Amino acid sequence: MIDLSDVAEYVDRSGPDGYPMLVATASKAGAPNLAFKGSVMVWDKDHLAFWERAHGETLAHLLENPKIALIYRNKEAGKMWRFWGECELLRDGDLRDGIMARTFQPELDRDPERKGVAVLIRVDKVSGAGVTQTRDA
């Protein structure tokens, strides 16, 4: 069972605290991509979300392959977690608007026309800093 409650305090502040999360994606052909995302948040007990404003390789890969991995590291607090999951891309609708509403303001300021895509991640596995959880089969 996945329950992200114990990591929310840190993940939700990752951007504002200066610890943007590293996101890993891959194209269908297997070409990898890494990108820092300052808007990652715990959406609910088993989902993460972020605002994808760049429309670059991360989005291109997720359009081809919804698999994603993320890492959070805050050395000072002794916290490090790895997350694996699968994404849903939201270009409109109430869920997209809800994710946008909770996005760290400086990230939204970089997307003044609000052309971003909300990325909702169903977390299948999380490990690190005292947490090891896997989604029930």
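This one's a predicted model, so the numbers in the text were calculated from it and none came from an experiment. Note: hydrogens, waters and symmetry copies are ignored here, and every other heavy atom, side chains too, is used.
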Q: Group every Ile, Leu, Val, Met, Phe, Trp and Tyr by side-chain heavy-atom contacts under 4.5 Å, then state whether Ile71 and Val11 land in the same group.
A: no

Here the gap from Leu63 atom CG to Leu89 atom CG, rounded to the nearest 0.5 Å, amounts to 5.5 Å

Correct closest heavy-atom pair for Ala129 and Gly78 would be CB-O, 4.1 Å

Please say whether more than 12 non-hydrogen atoms of neighbouring residues, nucleotides or ligands are located less than 6.0 Å from CZ in Arg122. yes

Legend entry - Whether Glu64 side chain and Lys28 backbone form a donor-acceptor pair below 3.5 Å: yes

Taken to the nearest 0.5 Å, the spacing of Asp6 CG from Lys79 NZ works out to 9.0 Å

Distance col, row Phe36:CZ vs Met21:CE, nearest 0.5 angstrom, shows 11.0 Å

| field | Flag side-chain contact, heavy atom, 4.5 Å: Phe83 against Ile121 | value | no

Note: Met1 and Asp136 closest approach over all heavy atoms is N-OD1, 3.0 Å

Under 3.5 Å: donor-acceptor pair, side chain of Glu52, backbone of Val119
no

**Prompt:** Is there side-chain contact between Tyr19 and Glu76, with at least one heavy-atom pair below 4.5 Å?
**Reply:** yes

Heavy-atom closest pair (Tyr10 atom, Ala77 atom, distance to 0.1 Å) is CE2-CB, 3.8 Å

- Distance-only donor-acceptor check, side chains Asn33 and Thr58, under 3.5 Å: yes

Check your understanding: Taking Ser39 for the side chain and Trp51 for the main chain, is one N or O donor matched with an acceptor at less than 3.5 Å?
Key -> yes

#### Entry: Single-linkage hydrophobic cluster Trp81~Phe50, side-chain heavy atoms < 4.5 angstrom
yes

So CD of Gln105 and CZ of Arg110: to nearest 0.5 Å the spacing works out to 10.5 Å

Check whether Leu90 and Met100 end up in the same hydrophobic cluster, where Ile, Leu, Val, Met, Phe, Trp and Tyr are linked by side-chain heavy atoms less than 4.5 Å apart.
no

task: Kindly say whether Ile2 contributes a backbone atom to a donor-acceptor pair with the side chain of Asp46 at under 3.5 angstrom?
output: no

Exercise. Taking the side chain as C-beta and beyond, is there a heavy-atom pair between Leu4 and Val123 under 4.5 Å?
Worked result: yes

In terms of heavy-atom contacts, Gly116 and His55 come closest through CA-NE2, 3.9 Å

CG of Leu22 to CG of Leu70, rounded to nearest 0.5 Å, is 8.0 Å

Arg102 side chain to Val42 backbone, donor-acceptor under 3.5 Å: yes

Exam field: side chain Arg96 to backbone Ala118, donor-acceptor pair closer than 3.5 Å:
no

| Less than 4.5 Å apart, any side-chain heavy atom of His61 and any of Ile68? | no

Tightest non-hydrogen contact, residues Trp84 and Ala69, listed as CD1-CB, 3.9 Å

Exercise for review: Would you indicate whether the side-chain heavy atoms of Leu108 and Arg114 approach each other to under 4.5 Å?
Suggested key: yes

Value for CG (Asp12) from CZ (Phe104), rounded to nearest 0.5 Å, stands at 12.5 Å

Result for side chain to side chain contact (heavy atoms under 4.5 Å, CB included) between Leu62 and one of Val117, Val23, Thr25 points to Thr25

Leu48-Tyr72 co-clustered via ILVMFWY side chain contacts under 4.5 Å: yes

Salt-bridge test for Lys37 and Glu107: reply yes if a basic N is under 4.0 Å from a carboxylate O, no otherwise. no

Any chance CG of Asp109 has more than 12 other-residue heavy atoms, nucleotides or ligands included, within less than 6.0 Å? yes

Between the main-chain N or O of Arg53 and the side-chain N or O of Asp111, is there a donor-acceptor pair closer than 3.5 Å?
no

